[in-house]
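Shown below is the structure under consideration.
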Amino acid sequence: MIADGMVSFAFIPVFQLAAFAVMYRRTPRPLPFARAADRFFAGNLPWLAWLVAFAALRCLLTPIQAGAPPQVLWWAVQASVVGAILWSAYVDYGFFREVLSPPGEGAWDLILQRAIGWTLAVVYFFGIAIWPIVVGRIA
């Protein structure tokens with residue numbers, strides 16, 4: 001299951017890298033692409049830390065063991081995701097502001113990169129899910 005999950009969601013960093021490449025081409029290039037991409041992917045640290053913490057807590061606590069109804073734990077997960085989103089955005093904004101973007105364009109470049117990357121990822125994800133339904137109706 002772990003290997004299947006890794007392969008199934010490998011499209012996320014691929015689309016992140018594609019969106020980053022678009023942003024890299026439209027700005028002055030202070031770093032070689034490989035080094036800039038490596039520094040950009042440091043923005044995934046908050047998500048990776050959140051996933052490890054969530055998995056560890058989930059292994060240790062089930063809703064019954066925690067003595068809380070599942071809804072309470074679900075709300076805790078949602079609240080913690082907000083922290084990961086803000087931390088990740090802050091790290092990425094710092095990267096664009098200090099490394100890649102012209103002065104004053106860091107926020108815009110971050111928004112544009114996220115819009116490109118997540119649009120591609122969502123279209124791919126739902127396209128794969130919907131494809132069997134579409135093909136089934138055509139056939």
Please give me the minimum heavy-atom distance between A36 and F95, naming the atom from each residue.
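Nearest heavy atoms, A36 then F95: O-CZ, 3.5 Å.
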Is R26 atom CZ crowded by more than 12 heavy atoms from other residues, nucleotides or ligands, each under 6.0 Å away?
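More than 12 within 6.0 Å, yes.
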Treating Ile, Leu, Val, Met, Phe, Trp and Tyr as nodes and any side-chain heavy-atom pair under 4.5 angstrom as an edge, say whether V82 and F54 lie in one connected cluster.
no
Qualifying side-chain hydrogen bond (donor to acceptor under 3.5 Å, both in side chains) pairs with a residue from residues 97-106, counting only residues at least two apart or across chains
S101-D109
Using every non-hydrogen atom in the two residues, find where P46 and A84 come nearest and quote the distance to one decimal.
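Closest pair (atom of P46, atom of A84, distance): CB-O, 3.8 Å.
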So, N44 and Q16: side-chain donor and acceptor under 3.5 Å apart, yes or no?
yes
ILVMFWY network linking V22 to W108, side-chain heavy atoms under 4.5 angstrom:
yes
Hey, any chance I116 and F33 share a hydrophobic cluster, counting ILVMFWY side chains that come within less than 4.5 Å of each other, even indirectly?
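Yes, it is one cluster - the side chains of I116 and F33 are joined through contacts under 4.5 Å.
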Atom of V91, atom of G43 and distance for their closest heavy-atom approach
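The answer is CG1-CA, 3.6 Å.
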Partners meeting ring-ring contact (aromatic ring centres under 6.0 Å, His included) with F41 (sequence neighbours left out):
none
What distance do L110 atom CG and F96 atom CZ have between them, rounded to the nearest 0.5 Å?
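Interatomic distance, L110 CG to F96 CZ, rounded to 0.5 Å: 6.0 Å.
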Quick check: is V77 connected to W47 through a chain of hydrophobic side chains (ILVMFWY, heavy atoms under 4.5 Å apart)?
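Yes; V77 is reachable from W47 via cluster members.
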Might you point out which heavy atoms bring A49 and W87 nearest each other, and give the distance in Å?
CB-CZ3, 4.3 Å
Nearest-0.5 Å distance that lies between atom CE in M23 and atom CZ in F40
9.5 Å
Step by step, work out the side chain to side chain contact (heavy atoms under 4.5 Å, CB included) result for V52 and L48.
CA-CA 6 Å; V52 168; L48 298 174; 5.6 Å; no
Sequence neighbours excluded, every pair satisfying side-chain hydrogen bond (donor to acceptor under 3.5 Å, both in side chains) that has a member inside residues 116-127
none
Do you reckon F20 sits in the same ILVMFWY cluster as V122, going by side-chain contacts under 4.5 Å, direct or chained?
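Result: yes, single cluster for both.
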For F15 versus A121, what's the shortest heavy-atom pair and its separation?
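Shortest heavy-atom contact: CD1-CA, 3.6 Å.
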Could you tell me which non-hydrogen atom of S88 sits nearest to which non-hydrogen atom of R114, and how far apart they are?
OG-NH2, 3.2 Å
